[in-house]
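Values reported hereafter were calculated over all heavy atoms of this structure, with side chains retained and with hydrogens, waters and symmetry mates removed. Source: prediction; values computed, not measured. Labels below follow one simple rule: chain letters A, B, ... track the order of the sequence lines, proteins then strands, and each chain is numbered from 1.
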Protein chains: 2
Amino acid sequence: MKASERPKKRPTQADVARLASVSPAVVSAVVNGRDGSNGVRVGDRTAARVEEAIRQLGYVPNVAARSLARGRNGIIGVFTYEALFPMQAMSYYHPFLVGVEEAVEELDCHLLLFTGSHTDDRRRSIYKNGTNSLQVADGSVLIGQSEDRDELAALVRDGYPAVFIGRRELPGAEVSYAAADYGTATRQLVERISGLGHRGIARLRGGSNHESILDRDAGFAAARELLGDRVDTTEVFVPPRAESIAAVVPGLVEQGYTCIVTDDRERAGDVCAAATALGLSVPADLSVAALSEYSYVDNAVERWDITTITTPGREMGAAAVRLLADLLDNPADRSPRRVVIDCGFHAGATLTAPQGA
Amino acid sequence: MKASERPKKRPTQADVARLASVSPAVVSAVVNGRDGSNGVRVGDRTAARVEEAIRQLGYVPNVAARSLARGRNGIIGVFTYEALFPMQAMSYYHPFLVGVEEAVEELDCHLLLFTGSHTDDRRRSIYKNGTNSLQVADGSVLIGQSEDRDELAALVRDGYPAVFIGRRELPGAEVSYAAADYGTATRQLVERISGLGHRGIARLRGGSNHESILDRDAGFAAARELLGDRVDTTEVFVPPRAESIAAVVPGLVEQGYTCIVTDDRERAGDVCAAATALGLSVPADLSVAALSEYSYVDNAVERWDITTITTPGREMGAAAVRLLADLLDNPADRSPRRVVIDCGFHAGATLTAPQGA
DNA sequence: GTCAACAGATAATGCGCAATATCAAGGTGG
DNA sequence: CCACCTTGATATTGCGCATTATCTGTTGAC
């Protein structure tokens with residue numbers, strides 16, 4: 001780079017040192033709190049002189065140099081496989097981001113979004129050109145749905161400080177995460193349904209094997225165990241499409257199931273629609289509840305005020321950042337950090353006691 | 001840091017060089033495409049050997065070191081004075097962010113959100129402890145409403161590469177920005193209203209002196225000039241509160257104004273409400289249009305489908321980033337970069353021809 | 001056969017900072 | 001009055017990389 005191209009080099013510690021007539025080490029000490037924790041001690045008078053010089057020059061530490069020298073730079077990353085801000089994605093990511101921003105702000109760190117981490121075919125990827133592009137940040141929070149599990153496993157195995165939002169189990173890697181307690185929430189929901197007097201509860205389950213669904217499986221199983229044969233519970237595997245759902249609802253109703261539980265709010269809406277089509281009214285004739293508030297097509301489902309478990313998104317985001325901070329502050333402890341947070345509940349208007357009760 | 005704490009040092013170029021029995025410079029050349037653009041040339045055989053060594057060691061470049069050596073770090077910042085992910089979803093910022101993310105992704109850069117830039121009293125500020133905290137990024141896009149103009153002026157004067165979203169005029173500083181052409185949009189809207197047959201058009205103007213409002217002033221003035229005395233146009237200064245607006249609407253109607261134009265959608269809603277209260281129907285008896293789609297209380301206004309100018313938010317965000325990129329790539333050219341983008345128009349349902357026409 | 005040109009590599013420097021080792025005084029106790 | 005500690009500072013090194021200058025052997029031209 002020619003001198004003419006270099007418009008104005010940012011001032012460095014050396015510049016400050018020169019102006020204040022001290023050694024660079026003193027400047028460094030002043031910048032990073034001169035508590036003498038490092039070998040260098042600085043008197044009050046000199047410190048003041050240095051600070052004045054800093055102010056005068058507008059000196060600001062160079063992050064790259066700093067992180068090279070001490071290995072941290074005060075930047076926390078957020079990685080998602082999809083673009084963060086578009087409308088559809090925003091609705092999903094938003095609650096998490098609120099929590100993440102909140103916690104990161106508290107840590108006095110900055111937040112880095114890995115928009116540049118895509119391979120040549122425009123797909124986002126952690127390993128860009130074979131290099132871990134997340135390295136820019138001290139550590140990262142990982143959010144996402146459509147993910148590349150191999151990449152994630154490699155990331156964690158490499159020892160990169162990462163915390164997932166949502167439970168993840170990866171082969172050969174001890175993952176840290178902030179998850180929602182869908183298991184307990186599911187069990188409690190089923191118990192609540194049973195407590196209302198329902199004696200036939202059917203769960204429609206999609207084909208996903210995501211951890212969050214497995215958690216609900218476990219919760220449902222726990223509820224069945226608890227309720228024993230006092231309540232007839234069943235699980236039906238149904239593709240997550242309106243037609244498929246409409247196809248199974250009549251049979252379930254006929255068999256005496258008075259409450260149908262679905263994986264998410266959208267499917268619950270499908271059930272409501274199917275029930276309505278049968279001339280049944282919800283919740284008078286059939287109760288409906290969802291195990292997730294998430295809905296892909298946002299407003300289509302709004303006319304039903306579905307009873308549903310809610311995800312503590314903000315809390316999860318904040319918790320993930322705090323776990324990450326712990327991970328960074330105590331690198332000696334290599335154990336995964338995990339937090340499981342209670343879900344919320346939206347009472348809604350699709351669950352009541354069954355007609356007979 | 002004790003050896004026990006250092007979990008696993010990552011392999012460096014030096015390690016690779018040793019394993020492949022070459023000099024570090026060769027490794028560097030191989031890693032960054034050995035097109036000989038730098039002085040170092042590497043033969044095919046050695047290159048293959050080096051690549052094998054890289055693979056074997058799982059070498060990954062250290063970003064900090066790299067950006068220290070090259071002087072840029074591929075990070076573009078976004079600074080806002082308020083939290084970016086506020087609880088009330090889909091904030092003011094959202095459309096801009098969509099565009100910013102899009103353009104940044106195209107540049108292959110990362111996006112940094114300055115969450116850590118707050119002073120001790122928790123207010124966000126560019127100059128934290130008197131030093132420009134934006135320096136972390138190569139350059140930044142600035143979005144915001146409640147801003148500290150002195151800070152902004154200082155920032156630009158310091159030569160920090162920054163691009164505003166929205167027009168800004170700062171004392172003593174040549175500001176780069178990506179703005180919306182509210183002036184033209186306003187003129188065209190008034191012409192359209194006149195074209196529909198309205199002969200009395202009143203504009204309710206709040207007290208703001210923000211550039212975006214001044215642009216609308218200019219547009220309205222241009223329209224008045226154009227229309228001459230064929231149309232009775234007037235401007236009424238009214239505090240942006242529902243009561244104040246309700247107080248002036250009856251008089252305007254009585255004076256024969258058949259269309260009322262407001263600064264934003266929310267105020268337009270207030271006008272609609274006031275008109276309805278008078279027993280008038282919108283738009284049959286009174287047309288209403290807004291010069292900005294923005295609305296503070298989001299859903300309260302939704303029952304009126306207000307005719308309004310729309311802000312090309314996504315385009316502005318993307319344009320701002322591209323201007324910034326130009327600023328960074330051509331630091332020699334110190335002139336401000338500016339782009340003005342056409343507004344959109346939402347036809348809505350509150351504007352028709354006046355009854356008499 | 002001599003010199004130039006070039007391919008293919010190495011050596012060395014610096015980016016900006018933190019940390020470590022080192023050093024000069026002034027103060028205290030014996 | 002000398003050994004010793006404390007305070008307040010400096011000199012130096014190295015983090016991992018890109019880059020520049022430098023060096024060596026091999027061709028090719030004349």
Side-chain angles (χ1 to χ4, degrees), chain A residues 1-3 5-6 9-18 20-50 54 57-74 129 131-132 135-136 138, chain B residues 1-3 5-6 9-18 20-50 54 57-74 131 135-136 138:
Chain A
M1 190 191 289
K2 283 169 296 185
E5 276 191 47
R6 186 178 310 162
K9 227 173 50 69
R10 278 170 49 188
T12 74
Q13 285 191 351
D15 297 328
V16 176
R18 215 168 303 126
S21 316
V22 295
S23 73
V26 171
V27 179
S28 176
V30 169
V31 169
N32 310 347
R34 52 200 181 84
D35 39 5
S37 59
N38 46 358
V40 180
R41 313 158 85 68
V42 181
D44 289 354
R45 304 195 51 107
T46 13
R49 238 182 36 248
V50 170
I54 288 178
L57 261 51
Y59 166 78
V60 130
N62 177 319
V63 230
R66 173 173 282 186
S67 77
L68 180 58
R70 76 174 162 201
R72 288 210 17 200
N73 60 12
N129 314 330
T131 75
N132 173 355
Q135 297 275 7
V136 196
D138 289 340
Chain B
M1 191 190 288
K2 281 168 295 184
E5 276 192 47
R6 186 177 309 161
K9 220 171 62 65
R10 285 170 41 196
T12 74
Q13 284 192 353
D15 297 326
V16 175
R18 216 168 303 126
S21 317
V22 294
S23 72
V26 171
V27 180
S28 176
V30 169
V31 169
N32 311 349
R34 49 201 182 85
D35 40 4
S37 60
N38 47 357
V40 180
R41 316 163 78 78
V42 182
D44 289 354
R45 306 196 47 109
T46 12
R49 241 184 29 250
V50 170
I54 288 178
L57 261 52
Y59 166 79
V60 146
N62 177 319
V63 208
R66 177 175 281 187
S67 77
L68 179 58
R70 298 208 255 243
R72 276 193 41 189
N73 60 15
T131 71
Q135 297 276 9
V136 189
D138 288 340

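- With sequence neighbours left out, the side-chain hydrogen bond (donor to acceptor under 3.5 Å, both in side chains) criterion links A:R72 to A:D329.
- Defining each end axis of the helix from C:dG1-D:dC30 to C:dG30-D:dC1 as the rotation carrying four pairs' C1' atoms onto the next four, with five pairs an end, the two axes are found to diverge by 50° to 10 degrees.
- Partners of A:R66 under the side-chain hydrogen bond (donor to acceptor under 3.5 Å, both in side chains) rule, at least two apart in sequence or in another chain, are A:N32.
- Under the side-chain contact (heavy atoms from CB on, under 4.5 Å) criterion, B:V63 pairs with A:Q135, A:V136, sequence neighbours left out.
- Contacts of A:A17 classified as side-chain contact (heavy atoms from CB on, under 4.5 Å), with partners at least two apart in sequence or in another chain: A:V22, A:P24, A:V27.
- Closest approach of A:D138 and A:G74 over heavy atoms only: OD2-N, 2.8 Å.
- Atom P of nucleotide C:dG16 and atom CG of A:L57 are separated by 13 Å, given to the nearest angstrom.
- Judged as a side-chain contact (heavy atoms from CB on, under 4.5 Å), and not counting sequence neighbours, B:A48 has no contacts.
- Inter-residue side-chain proximity for B:V40 and B:S28 is flagged as unmet; no heavy-atom pair is nearer than 4.5 Å.
- Taking atom CD on B:Q13 and atom P on D:dT19, their separation rounds to 11 Å, with Å as the unit.
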task: Encode nucleotides 5-15 of chain D as B, S and - characters from 5' to 3', where the letter depends on protein heavy atoms closer than 4.0 Å: B to the base, S only to sugar-phosphate, - to neither.
output: --SBBBB---B

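- Taking the side-chain contact (heavy atoms from CB on, under 4.5 Å) definition, one finds that A:N62 meets it with A:R10, A:A64, A:A65, B:L68, sequence neighbours left out.
- Straight-line distance from the CG atom of B:N32 to the P atom of D:dC17: 10 Å, rounded to whole Å.
- Taking atom CG of residue B:N73 and atom C1' of nucleotide C:dC17, one finds them 15 Å apart after rounding to whole Å.
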